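Before any comments, here is the structure.
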Amino acid sequence: MADSNKTATLTFDNKSFELPMHSPTAGPDVIDIGKLYGQADVFTFDPGFTSTAACASTITFIDGDKGELLHRGYPIDQLAEKSHFLEVCYLLLYGELPTAEQLEDFENRVTLHTMLHEQMTYFYRGFRRDAHPMAVMVGVVGAMSAFYHDSTDINDPWQREVASIRLIAKMPTIAAWAYKYHIGQPFVYPRNDLDYASNFLRMCFSVPAEEYEVNPILSRAMDRIFTLHADHEQNASTSTVRLASSSGANPFACIAAGIACLWGPAHGGANQACLEMLREIGTPDRIPEFIERAKDRNDPFRLMGFGHRVYKNFDPRAKVMKQSADEVLELLGIEDNPTLQTAKELEKIALEDDYFIDKKLYPNVDFYSGIILDAMGFPTSMFTPIFALARTVGWVAQWKEQLSDPAHKIGRPRQLYTGKTFRDYVEVENR
Ligand code: CMC
């Protein structure tokens, strides 16, 4: 973070306060209000953090007006086309693209950690079979702190590194087992001769009764979905991970907190909600009815997969996802997918509607991802666990960055109190 020569002046009650400013390498300047309370005895008020930078970071940058997403400077469309998920993981974690040797070493390290502690199979069995896989993910990832004691000391850089690799390596196994448990099939153990995405598909879809060969088209599509979800700077779940971590909590507890936050339909849960909405719409002739509902202030319905806090233009991930959906459905020979037709028509109608134009509401990453996952054979309840699996590297990279910052401190927002002021307790017989 570079200090800027600029300062901002805050004036109220005939007093002025000079506030330092910092210049980023990209994006708007920030006004540093860290000492404001001590100097001026006021708080700032920004529920939802619409104008507040909560940390400095070098990992991911979004230009919401341009619709640009960069990881360590590299645009997401180039990474989705030319790179692959584990290489992007390396980039997010260590800051640079790996050499061939570094990549091989990283892939080996991840591959060697894909198995879960065998005792964890009993842990799974404690859940009801009809539990949502996200409920199982929150529990199992949190429980990793009970199984991997040797990587919970956040002050030991080696333990931090082992925890990072364990989380990235085990998340496909955890998500696949949540699915297998849900459908009553036996757990499938990871195979070290398969790449990350193929391994996940095999753990989800193979059964001991027959041979399973991973379809390379699906594996590539899966890897691309992982890549597109890998990180997204200070979104709600990442900020949750950072806040949990600020108290010194162990990494598994922090990532479990991130998964819990991701689950909501305004965030990662939107992919499940979006496909369910597209199915409910059913046919293009019903689209106007749903558009009208989305515009009605008295109706809580929102067009799922539309709108974003930061993007006021196309979400660049949605563009790649749309193209990917077309490719995957064509390659699988599912040309007349009615959900894809409804999605395309809905996108077209919404993008021409004044309400969506004025509010700059564009399709986001969740709009098309469900169509691909559905074509692959995943039930909607698995969509958000797949998002969580892919986002784990982003959470881990941000968690590591936070801990390596010597200036980091516990996150503790203040409030605008609007409740009762001091009053004496009244005995029950006198109320
Ligand atoms: N459908 C209809 N109206 C909408 C929508 C939508 N999807 N999104 C925003 N609006 C309206 C909203 O009613 C508000 O109108 P007004 O100014 O008249 O009150 C205006 O647009 C601004 O919305 P907001 O809720 O103040 O914006 P926000 O930045 O707080 O919310 C959002 C962003 C993503 C939560 C919201 O757009 C939304 O709920 N979208 C649907 C859920 C979704 O697709 N979420 C996935 C986001 S991308 C992946 C991820 O983050 O996990």
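In this chain, residues are counted from 1 in sequence order. Order of listing sets the numbers, starting from 1, for every ligand and every atom in it. These numbers were taken from a predicted model, which means no experiment stands behind them.
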What donor-acceptor contacts under 3.5 angstrom involve side-chain atoms of residues 373-385, with partners at least two apart or in another chain?
| residue | atom | partner | partner atom | Å |
| --- | --- | --- | --- | --- |
| Asp374 | OD1 | Arg279 | NH2 | 2.7 |
| Thr380 | OG1 | Glu276 | OE2 | 3.0 |
| Thr384 | OG1 | Gly268 | O | 3.4 |
| Thr384 | OG1 | Asn271 | OD1 | 3.0 |

Counting only pairs under 3.5 Å, give me each side-chain donor-acceptor contact of residues 241-267, with atom names and distances, residues two or more places apart or in other chains.
| residue | atom | partner | partner atom | Å |
| --- | --- | --- | --- | --- |
| Arg242 | NE | Gln234 | OE1 | 3.1 |
| Arg242 | NE | Gln398 | OE1 | 3.3 |
| Arg242 | NH2 | Gln398 | OE1 | 2.8 |
| Arg242 | NH2 | Glu401 | OE1 | 2.7 |
| Ser245 | OG | Gln402 | OE1 | 2.9 |
| Ser246 | OG | Leu243 | O | 2.7 |
| Ser246 | OG | Gly411 | N | 2.9 |
| Ser247 | OG | Ala244 | O | 3.0 |
| Asn250 | OD1 | Phe252 | N | 2.9 |
| Asn250 | OD1 | Ala253 | N | 3.0 |
| His267 | NE2 | Asn235 | OD1 | 3.3 |
| His267 | NE2 | Ser237 | N | 3.2 |
| His267 | NE2 | Ser237 | OG | 2.9 |

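Val320 and Ala80 make their closest contact through CG1-CB, 3.9 Å (heavy atoms, listed as atom of the first residue, atom of the second, distance).
Applying the 4.0 Å criterion to heavy atoms of Tyr355 picks out, from ligand 1, the atoms 2 (C), 3 (N), 4 (C), 11 (C), 13 (O). For ligand 1, the atoms sitting less than 4.0 Å from at least one non-hydrogen atom of Lys359 are 11 (C), 15 (O), 16 (P), 17 (O), 18 (O), 20 (C), 21 (O), numbered in the order shown with element in parentheses. Each of the following atoms of ligand 1 lies closer than 4.0 Å to a heavy atom of Gly268: 52 (O). Every atom of ligand 1 with a heavy atom of Gly307 under 4.0 Å away is listed here by number and element: 34 (C), 37 (O). Which parts of ligand 1 touch Ala294 is read off a 4.0 Å heavy-atom cut-off, strictly below it: atoms 2 (C).
Heavy atoms of Phe387 approach ligand 1 to within less than 4.0 angstrom. Note on ligand 1: Phe367 sits outside its first shell, no heavy atom being nearer than 4.0 Å. Not a single heavy atom of Asn235 sits closer than 4.0 Å to an atom of ligand 1. Not a single heavy atom of Ser237 sits closer than 4.0 Å to an atom of ligand 1.
Aromatic rings from Tyr362 and Phe306 are positioned such that their centres are separated by 6.0 Å or more. Aromatic pair Phe127/Tyr181: ring centres not closer than 6.0 Å. Proximity of the aromatic rings of His71 and His232 is defined here by a centroid distance below 6.0 angstrom, and this criterion is not met. The distance between the ring centers of Phe12 and Phe17 falls below 6.0 angstrom. Between Phe187 and Tyr124, the ring centre distance stays below 6.0 Å.
The presence of a protein heavy atom under 4.0 Å from atom 4 (C) of ligand 1 is confirmed. In this structure, atom 27 (O) of ligand 1 has its sub-4.0 angstrom surroundings free of protein heavy atoms.
Proximity of Leu361 to ligand 1, defined as any heavy-atom pair under 4.0 Å, is confined to the side chain (atoms from C-beta onward). Only backbone heavy atoms of Pro265 (N, CA, C or O) come within less than 4.0 Å of ligand 1; its side chain stays farther off. Looking at His232 against ligand 1, nothing comes within 4.0 Å, counting heavy atoms.
Given atom 41 (C) of ligand 1, the protein heavy atom at minimum distance is Phe306 O, 3.4 Å. In this structure, the protein non-hydrogen atom closest to atom 7 (N) of ligand 1 is Leu303 O, 2.8 Å.
Checked against a 3.5 angstrom limit, the closest N/O atoms of Leu262 and ligand 1 fall outside it. Residue Ala266 has at least one N or O atom closer than 3.5 Å to an N or O atom of ligand 1.
Inter-residue side-chain proximity for Tyr196 and Asn199 is flagged as unmet; no heavy-atom pair is nearer than 4.5 Å.
Using a 4.0 Å cut-off between charged side-chain N and carboxylate O, Arg220 and Asp223 make a salt bridge.
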Given His22 and Asp32, is the side chain to side chain donor-acceptor pair (under 3.5 Å) satisfied, shown in steps?
-> CA-CA 7 Å; His22 308 295; Asp32 185 340; 2.8 Å; yes
